Amino acid sequence: MRLHTRRALHPIRAKSEARYARSVARPTEEPPMTTPYDEINYPDAAFAQSHPDRLAMLAHLMGMTPAPVPQARVLELGCAAGANLIPMACQYPDATFVGIDYAETQIAQARDTAAALRLENMRFEALNFLDVNHDALGEFDYIIAHGIYSWVPQAVQQAMLTIFKRHLAPQGVGYISYNVLPGWRMYGIGREAMMYRVRGLTDLNERARVAREYLSGIARIERDIQSTNAWARFQKAYDILLKAQMDYLDAKPNNVFVHDELEFNNEALYFWQFMERFEAAGLQFLSESVLPVSLPSNLGDGIQDFLGKHCTNIIELEQTLDFLRNRTFRQTLLVHDDVAVDRRLKLDRLPALYLTSKMQRTPAEGTDGGSVTYIVVDEELKFTTGDPLTIHVFDQLIRTYPREQRLAELVLSAREANYALQIPPRSAEEDAASIAATLLQAFGRSYSMLEMRASPAPMVTEVSERPIASAYARFQAIGGFDVTNQRHEVVTLDRVTRFVISRLDGTHDVAMLARALGQEVVIPRKMNDSGPELRHEVEAVLKYLARTALLVG
């Protein structure tokens, strides 16, 4: 059936599918059609969970030999305007990066940014995945596809898996994110209602306006449910769900809303169904990018016995965990099906990694002062220890954050501090094993407790005489307040910090920065005439930039 016939019968479906015209019918008599991302740009950002170093670290933990990230070849499918790929290219000038996206306007923007930054280690291609020249594309150590698989037709999904299989190096690692059931089934209720209401509308902004109005009207209805029977509890749960989803969507800007919620293609399947597709393509599951969500030990007492009774392999385990967590979204790592994977986290794999921690230290409650409690405020996590070696290690990691350190360095420092006046009661190997076990346990609970990297982030943590901020962060600061740091995290700046970072090209010292700041209206009026106060402000900003991994020299 021709696309124009579909358009006459089903205007919304036809227009959505026509945006992927070549992936459905590849008409030769019609000019290429724009994608919805050409009409309304999706906001671009960096995603730390997709960074090749995260992939390399997890692959190493599971017995693989991943390529060193500083010299790796990286491919991103659905790269948009390059905000995820470009900072990687800035971080690793000796690596190679390729981005592919079907939206020509976003590819043009990515090319302009790369050119402005004089990046010669990357290229971007405006291309449908079905039109990839497999003979010319080459081999990649890491392949990334974030936020695209669930939003394209099945033919394009299959093409993506083909690219993973054909172009991933033998010890390569792929990252792919996608919507999953059962959680998405609950979230999908609002989407299905909105899609029904806007089924006759084609203008993207009008669809967003009408969809918001329609769901809001449904969600804001006050349901006076007094009964406590099973049906009443079900209705109350439905009411809570709708209101929670409406509050969540109210915070989404339109350029996110029209793509996340109102795209015609928005598929969610169960994890085991996705795994069937991946395995048919010759790929196997490695892990989730955020490993702690896959560890049964984080779910409380009794869960491991339940899982042991009902799960006989890794796929059944992961699927059951999805049921337990009501999961909506996965960020999965894939490798070739002939790769040997060992998911037992062994202590002997830690010495090669780089460690850091962003926890906070507080005296343990109800102790005699010999124990210390470490907390992660945002996640309401904590652990208490009285072991002096462990205390020294975590204190050192927290004090020097974000500088990464290796296990041997931490063990040596802890032994020197605690055994200075005595003969060590244990060998260095025994202490290293004990410390490594505690570190691995913290890592398994949350990356905020302990983060591991395969290679050190290309940054400095001390402020130099003439500081240098990353070129990409300085470029971003020209146009906005959100910048990407050297750990591939998004940092939001205030006006003063944005002003300072934009000038950190290695030619300004603190005095020069203070004078420049004093001439700008971005600072509070009270500072304008105070040299010492301005200098103090600049020094505080520079320390903050070092602490947030934004300095490279």
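None of these values were measured; they are calculated from a predicted model. Position 1 is the first residue of the sequence, and the numbers go up from there.
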Side chain to side chain donor-acceptor pair (under 3.5 Å) assessment of S289 paired with R54
CA-CA 7 Å; S289 179; R54 172 78 64 86; 3.2 Å; yes
Does Y142 use its side chain to pair, donor to acceptor, with the backbone of A67 at less than 3.5 Å?
yes
Distance-only side-chain donor-acceptor flag, S455 / D53, under 3.5 Å
yes
I435 side, atom CD1; L350 side, atom CG - distance, nearest 0.5 Å:
11.5 Å
Considering residues at least two apart in sequence or located in another chain, which fulfil the salt bridge (Lys or Arg N to Asp or Glu O under 4.0 Å) criterion with R406?
none
Quick check for you: to the nearest 0.5 Å, what is the distance between L440 atom CG and L450 atom CG?
8.5 Å
Ion pair present between D395 and R361, side-chain N to carboxylate O less than 4.0 angstrom?
yes
Once rounded to the nearest 0.5 Å, what's the spacing between atom CE of M88 and atom CD1 of I144?
4.0 Å
Aromatic F271 / basic R330 pairing, under 6.0 angstrom, 45° off normal
yes
Ring pair (Phe, Tyr, Trp, His ring centres under 6.0 Å) partners of Y248, counting only residues at least two apart
Y187
Set of residues satisfying ring pair (Phe, Tyr, Trp, His ring centres under 6.0 Å) with respect to H146, sequence neighbours excluded
F47, Y175
Tell me, please, which residues at least two apart from R73 pass side chain to side chain donor-acceptor pair (under 3.5 Å).
none
Could you walk me through whether D342 and R344 satisfy the salt bridge (Lys or Arg N to Asp or Glu O under 4.0 Å) test, starting with their C-alpha distance in whole Å, then the side-chain angles of each, then the deciding distance to 0.1 Å, before giving a yes or no?
CA-CA 6 Å; D342 183 357; R344 295 169 296 175; 2.9 Å; yes
Side-chain donor-acceptor pair present, T385, D387, cut-off under 3.5 Å
no
Is it true that a side-chain atom of Q396 and a backbone atom of V393 form a donor plus acceptor pair closer than 3.5 Å?
no
Only one of I100, I86, D101 passes side chain to side chain contact (heavy atoms under 4.5 Å, CB included) with F124, and that residue is I86
Count the heavy atoms of every other residue, nucleotide or ligand shown that sit under 6.0 Å from CD of Q441, and state whether that count exceeds 12.
no
Can you tell me if Q422 has over 12 outside heavy atoms packed within less than 6.0 Å of its CD?
yes
Check: A114 main-chain N/O paired with R118 side-chain donor or acceptor under 3.5 Å
no
Is E539 salt-bridged to R535, going by a charged N under 4.0 Å from an acidic O?
yes
Value rounded to 0.5 Å, distance of CG in L513 from CZ in R503
8.5 Å
With no hydrogens and no angle check, just 3.5 Å: does a side-chain donor-acceptor pair link N84 and S50?
yes
Please list, chain by chain and in numerical order, all residues satisfying ring pair (Phe, Tyr, Trp, His ring centres under 6.0 Å) with H392, sequence neighbours excluded.
none
Of Q49, R327, Q331, the residue whose pairing with E288 passes side chain to side chain donor-acceptor pair (under 3.5 Å):
R327
Honestly, is R495 close enough over F481, meaning NZ or CZ under 6.0 Å from the six-membered ring centre and within 45° of the axis?
no
Closer than 3.5 angstrom, by distance alone: can the side chain of S446 be matched with the main-chain N or O of A442 as a donor-acceptor pair?
no
Ring pair (Phe, Tyr, Trp, His ring centres under 6.0 Å) against F383, all qualifying residues, sequence neighbours excluded:
Y374, F394
Would R399 count as a cation-pi partner of Y401, with NZ or CZ less than 6.0 Å from the six-membered ring centre and within 45° of the ring normal?
no
Can any side-chain N or O of R466 pair as donor or acceptor with the backbone N or O of G553 at less than 3.5 Å?
no
So does G138 get a backbone contact from the side chain of H167, meaning a donor-acceptor N/O pair under 3.5 Å?
yes
Please answer whether the main-chain N or O of L117 pairs with a side-chain N or O of Y472 as donor and acceptor at a distance below 3.5 Å.
no
